[in-house]
Amino acid sequence: MNSVGEACTELKREYDQCFNRWFAEKFLKGENAGDPCGQLFKRYQLCVQKAIKEKDIPIEGLEFMGPSKGKAENAS
Amino acid sequence: MKIWTSEHVFDHPWETVTTAAMQKYPNPMNPSVIGVDVLDRHVDPSGKLHSHRLLSTEWGMPSIVKSLIGACRTKTYVQEHSVVDPVEKTMELKSSNISFTNLVSVDERLIYKPHPQEPEKTILTQEAIISVKGVSVSSYLEGLMENTISSNANKGREALEWVISKLNAEIEEFTASARGSMRTSMAAAAFVEK
């Protein structure tokens with residue numbers, strides 16, 4: 001599966017692999033000792049945030065977008 | 001405004017269905033979903049996992065339309081918020097379109113739980129609220145959308161079954177090759193002991 005940002009697809013795949021393993025083997029079994037995927041997620045996120053801004057995708061209400069992003073209700 | 005609801009039973013335990021739901025895309029039943037990104041993910045103080053995801057969809061418009069309006073503008077986006085409670089065994093998923101919100105709103109809510117009478121099965125309840133804005137033939141259009149949502153819901157369930165078979169096949173393959181290499185090492189050890 002690709003990412004919305006073409007450059008982020010590889011980072012996304014690495015993160016997804018880590019998350020899917022943790023989710024099935026730890027989280028669902030009640031072992032929530034910690035998130036081993038934090039670093040991978042951060043790198044992936046930086047890439048995605050950039051792609052979303054560049055493509056002007058109207059995401060609202062999520063902290064990382066910051067207060068400067070106004071209410072965007074226009075069609076894409 | 002129309003509300004569509006449905007209930008479906010999967011013949012798989014809740015953990016299997018939830019794991020598959022987290023890896024639902026790509027799958028052959030939803031070819032229009034071309035991108036999935038996690039925008040945020042965290043475990044809240046009560047131990048529930050929250051995920052905010054962005055789905056990019058491409059509806060396969062004819063290339064002449066794409067060349068007229070520009071390829072970038074044929075993508076539509078949906079945002080999804082899911083909450084997984086591993087103790088209560090519930091997964092709730094809410095999604096809404098973020099493209100064309102001035103024309104139509106499609107809000108969907110799905111809840112996966114173990115079947116109350118048959119705990120090795122999972123029950124999915126789904127609802128969709130559709131509203132078409134400022135158009136006089138709104139109830140006709142809403143009717144059309146409802147059919148689409150209903151057939152998409154079937155595809156969605158087929159998609160989960162597909163993902164579950166894929167995951168099971170991967171596990172079987174892994175077990176078989178692990179068994180194979182164990183046999184080889186045991187045979188080698190027995191040979192050495194002789």
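In what follows, chains are A, B, ... by sequence order, proteins preceding strands, each numbered from 1.
- Contact annotation for Thr16(B): neither backbone nor side-chain heavy atoms come within less than 4.5 Å of a heavy atom of chain A.
- A donor-acceptor contact shorter than 3.5 Å is absent between the side chain of Tyr77(B) and the backbone of Ile59(A).
- In this structure, Met1(A) and Gly35(B) approach most closely via the heavy-atom pair CE-N, 3.7 Å.
- Of the atoms belonging to Phe27(A), heavy atoms from both backbone and side chain fall under 4.5 Å from chain B.
- Hydrophobic clustering (side-chain heavy atoms under 4.5 Å, transitive across Ile, Leu, Val, Met, Phe, Trp, Tyr) groups Met91(B) together with Leu49(B).
- Residues Phe19(A) and Met22(B) have side chains in contact (heavy-atom distance under 4.5 Å, counting atoms from C-beta outward).
- Phe100(B) and Ile34(B) fall into different hydrophobic clusters, where Ile, Leu, Val, Met, Phe, Trp and Tyr side chains are chained together by heavy-atom contacts under 4.5 Å.
- Rounding to the nearest 0.5 Å places CG of Leu39(B) at 9.0 Å from CD of Gln49(A).
- Val38(B) and Tyr44(A) make their closest contact through N-OH, 3.0 Å (heavy atoms, listed as atom of the first residue, atom of the second, distance).
- Put simply, the side chain of Tyr15(A) reaches to within 4.5 Å of the side chain of Arg41(B), judged on heavy atoms.
- Of the inter-residue distances, the one linking Ile57(A) atom CD1 with Ser99(B) atom OG reads 8.0 Å to the nearest 0.5 angstrom.
- Hydrophobic clustering (side-chain heavy atoms under 4.5 Å, transitive across Ile, Leu, Val, Met, Phe, Trp, Tyr) groups Leu93(B) together with Phe10(B).
- For chain A, the nearby parts of Val84(B) are the backbone and the side chain; heavy atoms of each come within less than 4.5 Å.
- With a 4.5 Å cut-off on non-hydrogen atoms, Val43(B) touches chain A through its side chain but not through its backbone.
- A distance of 13.5 Å separates CZ of Arg21(A) from OG1 of Thr19(B), quoted to the nearest 0.5 Å.
- Leu110(B) and Val83(B) are assigned to two separate hydrophobic clusters, defined by single-linkage of ILVMFWY side chains at heavy-atom distances under 4.5 Å.
- Of all heavy-atom pairs spanning Gly5(A) and Asp37(B), the tightest one is N-OD2, 4.4 Å.
- Atom CD in Glu15(B) sits 6.0 Å away from atom CG in Leu28(A) (nearest 0.5 Å).
- The 12-atom threshold is not exceeded at CD of Glu173(B), counting heavy atoms of other residues, nucleotides or ligands nearer than 6.0 Å.
- Residue Leu55(B) does not touch chain A at all, counting heavy-atom pairs closer than 4.5 Å.
- Hydrophobic cluster membership is shared by Leu11(A) and Phe41(A), with clusters built from Ile, Leu, Val, Met, Phe, Trp and Tyr side chains linked at under 4.5 angstrom.
- Shown here is Lys55(A), whose NZ atom has more than 12 heavy atoms of other residues, nucleotides or ligands within 6.0 Å.
- Side chain of Lys12(A) to main chain of Val36(B): a donor-acceptor pair is present (N/O by atom type, distance under 3.5 Å, no hydrogens or angles).
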